[in-house]
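Report on one structure; see the data block that follows.
This is a predicted model, so every value here is computed, not measured.
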Amino acid sequence: MAYSNISWNHDIGVLAGNYCGPSIVNISGNHFEHGRYVGLQVLSCWRDAELEGVKKGLMMLQIGHNHFEYNDGVAVKLTPIARLVGKIEHNDFLNNKDGCMYTHNEDDYILEIQKVDLQLQENRFYNNRGSYVLNLGLSHYDFNHNQQLLMTNNWVMDNVITEPWLGLNPRSKVAAPVVIASNNVKLTRNILQNPDSRYELGSHLIEPNAELDCKYNWIGDKDEETVWKKVFDRDDRYNLAKIAYIPYLLSNNINTELVLERPLFEHQFINRQTKEVGGDVSGVEELRESGVYIVRRDINVRPSGRLKITPGVTLKFEHSVGMMVSGELIAEGDNTGGQPVFTLLDTVRENVSHAGVRLVGGHTVREGRLQVEIDGVWGTVCDFGWTIESAAIACQQMGFVLNTEDWKLQPYQVPKEGMTDPILMSNVRCNDLETDIRTCKRAERSDDFMNSCSHEYDVGLRCYDVSWAGLRLGMTAKRSKLYDVKIERAGLFDYRTFSFVPGVQADFSHHVFENIEVRDNDHDGIGIVYSDIYYPDHVNFIKNSLISG
């Protein structure tokens with residue numbers, strides 16, 4: 001397909017594939033503009049030649065010299081991506097509204113054993129918006145080492161990347177111009193310069209022992225601390241893969257030989273001026289000055305680390321931020337009112353009144369009959385075809401989160417308010433790339449379902465407020481002690497995966513919990529996975545404590 005104009009489409013602009021057997025796909029010299037959905041989607045053959053008897057052979061893919069501009073959905077989508085060798089080169093991606101490139105494989109054995117060799121080179125990505133510009137992932141569990149994606153000599157500049165929902169902290173799916181979801185993706189010699197985006201690089205791989213190869217790129221600045229702040233990875237959330245970005249370029253000339261070879265900057269766990277704490281603890285750290293400390297990135301006590309928290313210290317965690325202890329934690333009060341407190345940082349929540357979604361008639365603003373605003377009119381949503389994924393998006397649009405164990409109101413629980421308003425939507429089935437239930441592709445408006453639903457079938461929904469991610473004592477943690485400590489308002493681990501956790505979790509418990517207070521959490525108060533009954537002196541108890549969830 002060459003030298004064509006694909007514009008103003010309400011569905012996929014061009015859909016190619018899925019061919020099983022040898023094939024050639026060449027998409028060159030075209031204009032993809034003003035599409036309402038995906039501009040170009042290429043489907044791979046996900047069936048295995050030997051196991052399933054389909055033809056052997058690979059797809060040879062060439063996407064080159066195309067122009068993608070002003071598309072509402074992602075410009076190029078390759079999912080699944082398997083049995084493919086090719087190049088995506090010399091394309092311009094300008095002013096797209098919801099990302100430029102998305103490659104992704106589900107965790108599936110058949111996909112994991114297929115060959116992929118894809119190069120992204122000499123493309124220009126300017127002035128795009130959304131929660132990413134490039135979201136790159138293959139099969140992470142590629143045990144045959146048959147898959148690779150190389151991104152090199154690309155310009156990713158002046159894009160404005162923001163979190164999809166106001167007031168919600170990321171964990172597993174941060175918004176950044178380039179995000180990486182598997183460790184067989186490599187970035188080298190690219191220019192990343194997006195001053196209006198908080199980050200330049202982000203890890204979407206939940207695998208703390210993995211490392212993502214992103215060396216020899218320009219990452220928005222040459223100052224090492226500034227560059228470090230532009231990367232979101234295990235330094236921010238302990239369960240993510242580490243991004244290896246050093247050496248990095250010291251000039252935004254893509255061919256420069258000026259590079260920073262060795263790190264000189266080391267992040268300090270405690271910022272004495274701002275009273276912020278967070279990051280790795282590899283040696284011995286002590287919070288001994290009483291007062292409030294703010295935690296904006298996970299506290300990660302490494303196996304060699306020891307953290308001591310003394311009376312009068314309060315740790316206030318941003319929501320979805322928590323603490324992992326693989327070493328030793330000692331937190332002690334004095335039984336005279338100076339107990340250390342682990343709690344949620346209350347912040348001014350973003351105003352989401354313009355989100356176009358609301359809950360009416362409930363006991364709180366987080367539950368009730370669901371309504372959407374379309375063309376200035378508020379109305380309800382029929383629950384025919386309604387999915388938990390759509391419910392999660394609705395909660396997130398309002399700045400709340402979804403708890404999979406407590407989200408759907410039964411018909412008798414739905415309040416009466418809103419029954420006089422029109423029913424505006426039905427069969428809403430959003431996918432994981434969509435961020436607004438009103439614009440989900442698989443959704444019907446009132447003209448589509450012709451009054452086939454009544455208000456007794458309206459969606460009733462319960463959302464949860466945010467909380468912090470709790471304290472976890474890992475499998476390798478040395479005997480730790482919590483004495484006269486208060487832990488409250490925890491539970492939310494990752495809103496994108498609907499994950500809630502106990503306020504305190506001990507993976508392998510040989511710890512001392514005495515005179516502690518655990519309350520007002522969105523999950524269990526204390527969770528014990530395994531109890532170490534063979535620990536010397538049998539030190540393993542919970543004593544004189546108040547635990548109420």
Side-chain angles (χ1 to χ4, degrees), residues 163 165-174 206 208 232 234-240 269-271 274-281 287 291-301 307 309 313-326 329 331 339-350 366 395-396 399-406 463-474 477 480 482 485-507 513 516-527 546-549:
E163 293 297 328
W165 300 287
L166 292 173
L168 293 179
N169 261 351
R171 189 164 194 98
S172 63
K173 295 187 182 297
V174 69
I206 302 175
F232 187 95
R234 196 179 65 204
D235 286 348
D236 299 88
R237 305 291 185 264
Y238 65 75
N239 61 323
L240 296 181
F269 173 72
I270 306 173
N271 186 322
T274 63
K275 298 204 82 171
E276 288 189 13
V277 298
D280 286 355
V281 176
L287 297 177
V292 175
Y293 293 84
I294 306 301
V295 188
R296 302 191 190 278
R297 65 180 72 239
D298 282 358
I299 296 173
N300 189 6
V301 183
L307 176 61
I309 300 173
V313 169
T314 296
L315 293 179
K316 291 192 172 184
F317 293 78
E318 285 193 343
H319 64 270
S320 295
V321 174
M323 181 188 298
M324 164 62 86
V325 178
S326 301
L329 171 67
Q339 62 179 180
V341 178
F342 296 55
T343 188
L344 177 70
L345 173 66
D346 285 314
T347 56
V348 178
R349 303 296 298 277
E350 300 280 355
R366 297 187 298 277
C395 288
Q396 290 154 13
F400 305 128
V401 298
L402 182 127
N403 184 339
T404 56
E405 296 182 0
D406 182 24
C463 305
Y464 272 57
D465 206 350
V466 296
S467 48
W468 67 283
L471 164 63
R472 180 176 177 184
L473 298 160
S480 295
L482 300 182
V485 174
K486 183 177 183 179
I487 297 171
E488 63 179 9
R489 302 176 67 189
L492 174 63
F493 187 70
D494 187 350
Y495 77 89
R496 294 297 291 269
T497 59
F498 319 135
S499 301
F500 286 77
V501 294
V504 180
Q505 176 173 319
D507 291 352
F513 304 122
I516 66 172
E517 184 179 353
V518 184
R519 62 191 311 163
D520 299 327
N521 299 293
D522 288 331
H523 198 271
D524 298 333
I526 292 183
L546 171 64
I547 302 167
S548 61

Taking all heavy atoms of [X] and all of [Y], pick out the closest pair and write down the distance.
X	Y	value
Gly527	Pro502	N-CB, 3.7 Å
Asp465	Val401	O-CG2, 3.8 Å
Tyr293	Val277	CD2-CG1, 3.7 Å
Pro170	Glu163	CG-OE2, 3.6 Å
Tyr495	Asn169	CE2-O, 3.1 Å
Asp298	Ser320	OD1-O, 4.4 Å

[X] vs [Y] side-chain heavy atoms within contact, under 4.5 Å:
X	Y	value
Leu315	Leu287	yes
Phe500	Leu492	yes
Leu329	Met323	yes
Ile299	Leu307	yes
Thr343	Glu488	yes
Leu345	Val321	no
Asp236	Arg171	no

Say you draw a straight line from [atom1] of [X] to [atom2] of [Y]; how long is it, rounded to the nearest 0.5 Å?
X	Y	atom1	atom2	answer
Lys275	Ile270	NZ	CD1	10.0 Å
Ser548	Asp524	OG	CG	11.5 Å
Ile526	Ile547	CD1	CD1	3.5 Å

Residue set satisfying side chain to side chain contact (heavy atoms under 4.5 Å, CB included) with Ser172, at least two apart, ordered chain then number -> Ile206, Asp494, Arg496, Thr497
| said: Please determine whether side-chain contact (heavy atoms from CB on, under 4.5 Å) holds for the pair His319 and Leu344, giving the CA-CA distance in whole Å, both sets of side-chain angles, and the decisive distance to 0.1 Å. | reply: CA-CA 7 Å; His319 64 270; Leu344 177 70; 3.9 Å; yes
Given 3.5 Å as the limit, does a donor-acceptor pair link the side chain of Asn521 with the main chain of His523, or not?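 Not at all, since once roles are kept as given, no pair shorter than 3.5 Å links the two residues.
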Quiz item: Using the ring of each side chain (for Trp, its six-membered ring), is Phe317 parallel, tilted or perpendicular to Phe342, with breaks at 30° and 60°?
Solution: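 Geometry flag for Phe342 against Phe317: parallel rings.
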Could Asp520 and Arg489 be called an ion pair, given the rule that one side-chain N must be under 4.0 Å from one carboxylate O? no
Applying salt bridge (charged side-chain N to carboxylate O under 4.0 Å, His left out) to Arg472 and not counting sequence neighbours gives Asp507
request  = Could I get the full list of salt bridge (charged side-chain N to carboxylate O under 4.0 Å, His left out) partners for Asp280, not counting sequence neighbours?
outcome  =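 Asp280: no salt bridge (charged side-chain N to carboxylate O under 4.0 Å, His left out) contacts found.
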Quiz prompt | Verdict with supporting geometry, Leu546 and Arg519, side-chain contact (heavy atoms from CB on, under 4.5 Å) | solution = CA-CA 8 Å; Leu546 171 64; Arg519 62 191 311 163; 3.6 Å; yes
Test side-chain contact (heavy atoms from CB on, under 4.5 Å) on Phe513 and Val518; report intermediate values, then the result. CA-CA 11 Å; Phe513 304 122; Val518 184; over 6 Å; no
Practice item. Tell me, please, whether Phe269 has Arg297 positioned over its six-membered ring: NZ or CZ under 6.0 Å from the ring centre and within 45 degrees of its axis? Key: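 So Arg297 doesn't make the cation-pi contact.
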Does Lys316 form a side-chain contact (heavy atoms from CB on, under 4.5 Å) with Trp468? I'd like the steps, not just the answer. CA-CA 9 Å; Lys316 291 192 172 184; Trp468 67 283; over 6 Å; no
